[in-house]
Every structure is written in structure tokens, then in C-alpha cells.
Protein chains: 2
Amino acid sequence: MPVGVAADLVILTVRDGRLQVLLIRRGIEPYLGRWALPGGFVRPDEDLESAARRELAEETGLSSERIHLEQVATYGAPDRDPRGRVVSVAYLALVPDPPAPVAGSDASSASWVEVASLLQDGAAGPEAVADGLAFDHRRILGDGVERARAKLEYSPLATAFCPAEFTISELRGIYEAVWGTPLDPRNFHRKVTKTTGFVEPSGATTTRDGGRPAQLFHRGTAPTLHPPMTRG
Amino acid sequence: MPVGVAADLVILTVRDGRLQVLLIRRGIEPYLGRWALPGGFVRPDEDLESAARRELAEETGLSSERIHLEQVATYGAPDRDPRGRVVSVAYLALVPDPPAPVAGSDASSASWVEVASLLQDGAAGPEAVADGLAFDHRRILGDGVERARAKLEYSPLATAFCPAEFTISELRGIYEAVWGTPLDPRNFHRKVTKTTGFVEPSGATTTRDGGRPAQLFHRGTAPTLHPPMTRG
DNA sequence: TCAAAAGTGTTTGGTGTACACCCATGC
DNA sequence: GCATGGGTGTACACCAAACACTTTTGA
């Protein structure tokens, strides 16, 4: 059975207060000209996660080491790729805001696209993005986003969207963008700072968000959140 | 790149109040004579989940349709199988208590093994089960069990371990076996019956557990639990 | 009548939510 | 001073843990 194994990436970021995903405009058939998740085949002696990290570096130029990357699921319907049997292992990557708008490596171009416009209920309205994503990438994107949303509740994952130092407001902005709901700034502040190991004060302050100076924090060490954050 | 794609199964049940997993005694090299998770290669025109269901039926004789089955993760380290490159998609199956003790299809034998004895901290003590599981199956088992433990909290998954009709005590026994902690029978009863959509009374009662007759319930329709069950 | 398990009531402390209020800066 | 966002205090509702207590069966 000749089977290809690919690693596809759901690379998420929060820009302008909205959740966005990195997509590639396909330069070859099938699905020429359509948007697709970045990815590629796993090499003969390459681990699955190594392949995902390599693709991530190729597409974003990010020296992947510090980027959060986790496996989401594997997709293997026999007819998911018209070229033949391809099993795709999907990875979720979370990157802090201002990663270079990306350099197209081959004849394809990449860009950040708002997730909300891709996941409209119903089959990706035509007015959204062309005719929707290539292959089964809409489903993969949906699963990846759902994973991210769920993990924000019980893990400190939201900090993976932030630069090394951030304010509580900025962290709240991540939650609001990913969940799509407004949160009470005061209760959020209390909750985050009282959950041990979530964030730790760096001592510095900033006024970049306007108003009274805000304390800067960096990620804590807790692997899970007790108690969890609750969705609006 | 010649790559084999396999589906491996973590088949869990609760028997005698303890969490057990179905293992196969390997009849061929490599790892001849060692315990391993049941599984096999995905066929050319077969979906991944179909392959998992087929293996499940072959190993347990269970007409898989009503069995809970979900994908857990995919394992693809280049050296995980000495025969060559094999990427394995692991599935978690939960079966109600008394599935036939299994009929060995080929030269191998299958049996239920207590999970606790396989996952002792440290590298599976020698006294546990032979020299531990074949391949990277100990890790796969660990991931599968962790998935099950986590999902009991926020989903009605525990009912997948139960027959069509069950008492609240029996359901509690599932939680206690999977989590490995005792739960207060009174608070558990209240919590389960008050969480809408978790279980629904069938009207009948039974005294099979001794004492006062207990109401029988069947699974409800809620996909998730609000509020979640909490681990002791 | 007793043991055993089912199920209910009640108390108590913790936690999430809503919102009033004060603080520290830029303009 | 005033607008803007940062951060704290507090009242109330709800929920979970602990456990006393009643109910209904089999032996």
C-alpha cells in the first residue's frame, strides 16, 4: 500500500484582537489557487513532530524552538487527496502576534486570514474566502481551533500567543479573541493573578495600552490551571 | 518512502471494580511473546476509523456499532518498529463489562490485564507483566488512559462502560475504577441526577447490588456535562 | 430484626459574578 | 482636570464537601 504521510499545520495567532490562521495559496493542482493549510510530506527518517517543526520554520521563518506545537488529530479518508492515499497528521501551532507576514517559498503566497470568516456555519459561504479551503482543511482547521479554545480553559496555553512579557489586559485580549466573548476585566485580572503558576510579575510596567501603568508578567510554570478559566 | 499505516487499539473495560485493558500476546517477531495492544495495518481503501472498528470486532467479537471509539493520537518515531517505518494511529475503545474473554484469531492469545499493573511509575517494573509492553505501546496505553480519565470529567463517557441500563452505584463504580479514587455515594448520586442530559431514569428498578432497590437509568443525550464531575 | 445499599436534608465554606469604587498615568 | 485603562473591595448567589438521617429491600 503506497501511502504518503503528511504533516499539516494549523498556525494560529491573534492580531488586531482577532484570531487568525496562516494559509497558503496553492500554486499547483489539485485545488490550484485555493487556500490551504501549510504542510508537506514527512521525510523517510523524520519524526512527525520534527516534520511539523520544519514546515513551521519554512512557512513562518520562526526559529520554531519557542513556539508551542502540539498534535491535534490524524485524517486518513481514502479519498481525501485525489492524487492518492495520503494520511495527514495535523499539528496546532500558536505564535505570538507579530511574526513576519511570511515569505512565499515557492510559487505560492501565504497570508493571515481571519478564522471567523472561514468557519461560518454552513459550508463556508462563497463570499467568505473563495470557495473555501482545499482538501478537508476546513475540518482540520475547525478541530484545531476547537482544541485551542478548550485548552485555554484549563491550561496556561494563552501565554503562547503573547510575547515574553505581557500585561493582564493583553492576555485577556487573547481569551476574548479565541473564545469570541467579552470578559470582565476586573474578575479576569483577579483570577489570573490568583491562579498559582499561571503568570508571574516581571517587576516592570508599561503604559503602551494607555491609562494607568500596567504590570508586566511572563509565563508561569504551572502545566494546568486550578481552577480553570471559564468561558463567558 | 514506503510507510505502513497501522491502527492500534486501547480497549478499556471495568471488571471487578478495576480498570483493565485488552492485550495480545505476540506470536511473531519482533517482540515475540510480549504483550502488545491489538492492532493492524490499515487497508488500501479503508478509512482509519473503519480499520480500528474492524480490528476491534476481530479481537473482541463485539459488533462494534455501539462501542465508543475515538482517535487518541498518532505515533511515528522513525525507529518505533524495527521492521521499517510504521506510523500508528491509536484509538481508544470503551466496552461494557462482560465482553467475551476473547478468542485468539491467529497463534496469539488475548486477555484482560489490569491497567494499574502496567502503568506503575518507573519503567514498568519487571515483576509487573513480563518486560513490559512491545513497541511504544506503554506510552500509547498511558495516553489512552489519560484521555479516558480526563473525558470522564466533562463528558458522559462513563456510560460507555455500562450496559444499556445501569444504577447510579454502578456508574460510580466506573468513576472510582478509572480515577482510582473513592467518591461519596450521596453527593455523586445528587450530582449525576441533577446534571441534565447525563442519565435518564428508565422507570425500572433492581436489587442486584443488594439493599434497597435502585432505580435503573440509561444514557442521556448531553454531549458534555455542566457542571463537570470533579476528581476526588 | 438486622445488614446493606438507596436516596434526601442540612450545614458550612469556598468560588464565580456583578458592579461600585479608587489609582496612576497621558493629554 | 479629564479620559483611559489598571487594579481592589464587597455583596450575593450558587455549588460542593461532609455527614446525619430516613427508606426499602433480602436474609
Side-chain angles (χ1 to χ4, degrees), chain A residues 16-17 152-154 158 162-163 165-177 179 181-218 220 222 224-232, chain B residues 16-17 152-154 158 162 165-177 179 181-218 222 224-232:
Chain A
D16 309 322
L152 286 207
E153 291 190 7
Y154 59 88
C162 297
E165 292 202 323
F166 50 87
T167 68
I168 300 294
S169 281
E170 289 160 359
L171 185 62
R172 177 166 50 84
I174 301 296
Y175 274 89
E176 293 178 330
W179 284 349
T181 52
L183 299 171
D184 185 298
R186 294 139 324 169
N187 292 334
F188 182 86
H189 184 282
R190 204 184 342 243
K191 206 161 185 176
V192 167
T193 52
K194 280 197 174 178
T195 299
T196 59
F198 192 175
V199 298
E200 285 174 8
S202 72
T205 63
T206 181
T207 58
R208 64 188 176 214
D209 298 328
R212 169 177 168 179
Q215 276 187 276
L216 284 168
F217 294 80
H218 48 257
T224 59
L225 264 29
H226 297 290
M229 299 284 127
T230 51
R231 240 184 267 209
Chain B
D16 309 322
L152 286 207
E153 291 189 8
Y154 59 89
C162 296
E165 293 202 323
F166 51 87
T167 68
I168 301 295
S169 282
E170 290 160 357
L171 185 63
R172 177 167 49 84
I174 301 297
Y175 275 88
E176 293 178 329
W179 283 349
T181 50
L183 300 171
D184 184 297
R186 292 133 335 163
N187 292 333
F188 182 86
H189 185 283
R190 210 186 335 248
K191 204 162 186 175
V192 168
T193 52
K194 281 197 172 176
T195 300
T196 59
F198 192 174
V199 298
E200 286 174 7
S202 73
T205 62
T206 182
T207 58
R208 67 186 175 216
D209 297 328
R212 171 176 170 179
Q215 278 187 274
L216 284 168
F217 294 81
H218 48 256
T224 58
L225 265 27
H226 296 290
M229 299 284 127
T230 50
R231 235 183 270 209

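Lettering follows sequence order; numbering is per chain, from 1.
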Original post:
Reckon A:T207 has a side-chain N or O less than 4.0 Å from the OP1 or OP2 of D:dG5?
Top reply: no
**OP:** Find out whether A:R231 and A:L152 are in side-chain contact, i.e. whether some heavy atom of one side chain is under 4.5 Å from a heavy atom of the other.
**Re:** no
**OP:** Check the pair A:F166 / A:I174 against side-chain contact (heavy atoms from CB on, under 4.5 Å), numbers first and verdict last.
**Re:** CA-CA 11 Å; A:F166 50 87; A:I174 301 296; over 6 Å; no
Original post:
So, is B:T206 near the phosphate of C:dA6, with a side-chain N or O under 4.0 Å from OP1 or OP2?
Top reply: no
**OP:** Between C:dC19, D:dG6, D:dT25, spot the one nearest the side chain of A:A214, thanks.
**Re:** D:dG6
Subject >> Gap separating the CD atom of B:E170 from the CZ atom of B:R208, nearest 0.5 angstrom >> reply: 4.0 Å
Original post:
Nearest 0.5 Å, what's the CD-CE distance between A:E153 and A:M229?
Top reply: 10.5 Å
Subject >> B:F217 vs B:T193 side-chain heavy atoms within contact, under 4.5 Å >> reply: yes
Original post:
Taking CD from A:Q215 and P from C:dC23, how many angstroms apart are they, rounded to a whole number?
Top reply: 17 Å
**OP:** Find the distance B:K191:NZ to D:dA18:C1' and express it as a whole number of Å.
**Re:** 14 Å
Subject >> Distance, rounded to the nearest Å, where B:H226 contributes NE2 and D:dC14 contributes P >> reply: 18 Å
Original post:
Looking at D:dG7, D:dG6, D:dT24, which one has an atom nearest to any side-chain atom of A:S169?
Top reply: D:dG6
Original post:
Rounded to the nearest 0.5 Å, how far does NZ of B:K191 lie from OG1 of B:T230?
Top reply: 3.0 Å
**OP:** Find the distance B:L183:CG to D:dC19:P and express it as a whole number of Å.
**Re:** 15 Å
Original post:
How many Å lie between CG on B:L171 and C1' on C:dG7, as a whole number?
Top reply: 16 Å
**OP:** Using a cut-off of strictly less than 4.0 Å, decide whether B:T230 has a side-chain nitrogen or oxygen near OP1 or OP2 of D:dA17.
**Re:** yes
Dump the pairs, protein N or O against N or O of nucleotides 8-10 of chain C, anything under 3.5 Å, distances to one decimal.
from: C:dG9; atom 1: N7; to: B:R190; atom 2: NH1; distance (Å): 3.1
from: C:dG9; atom 1: O6; to: B:R190; atom 2: NH2; distance (Å): 2.9

Original post:
Separation of A:R208 atom CZ from D:dG6 atom C1', in whole Å?
Top reply: 14 Å
**OP:** Measure the OG-CD distance between A:S169 and A:E176 for me, rounded to the nearest 0.5 Å.
**Re:** 9.0 Å
Subject >> 5′-ward residue of the pair A:P213/B:P213 relative to DNA chain C >> reply: B:P213
Original post:
Which angle, rounded to 10°, do you find between the first-five-pair axis and the last-five-pair axis of the helix from C:dT1-D:dA27 to C:dC27-D:dG1?
Top reply: 0°
Subject >> A:M229 CE - C:dT17 P separation (whole Å) >> reply: 10 Å
Original post:
Rounding to a whole Å, what distance do you find between A:D184:CG and C:dC21:P?
Top reply: 16 Å
**OP:** With sequence neighbours excluded, tell me which residues meet side-chain hydrogen bond (donor to acceptor under 3.5 Å, both in side chains) with B:T181.
**Re:** none
Original post:
Looking at B:Q215 and B:P201, what are the two nearest heavy atoms and their distance?
Top reply: NE2-CB, 3.7 Å
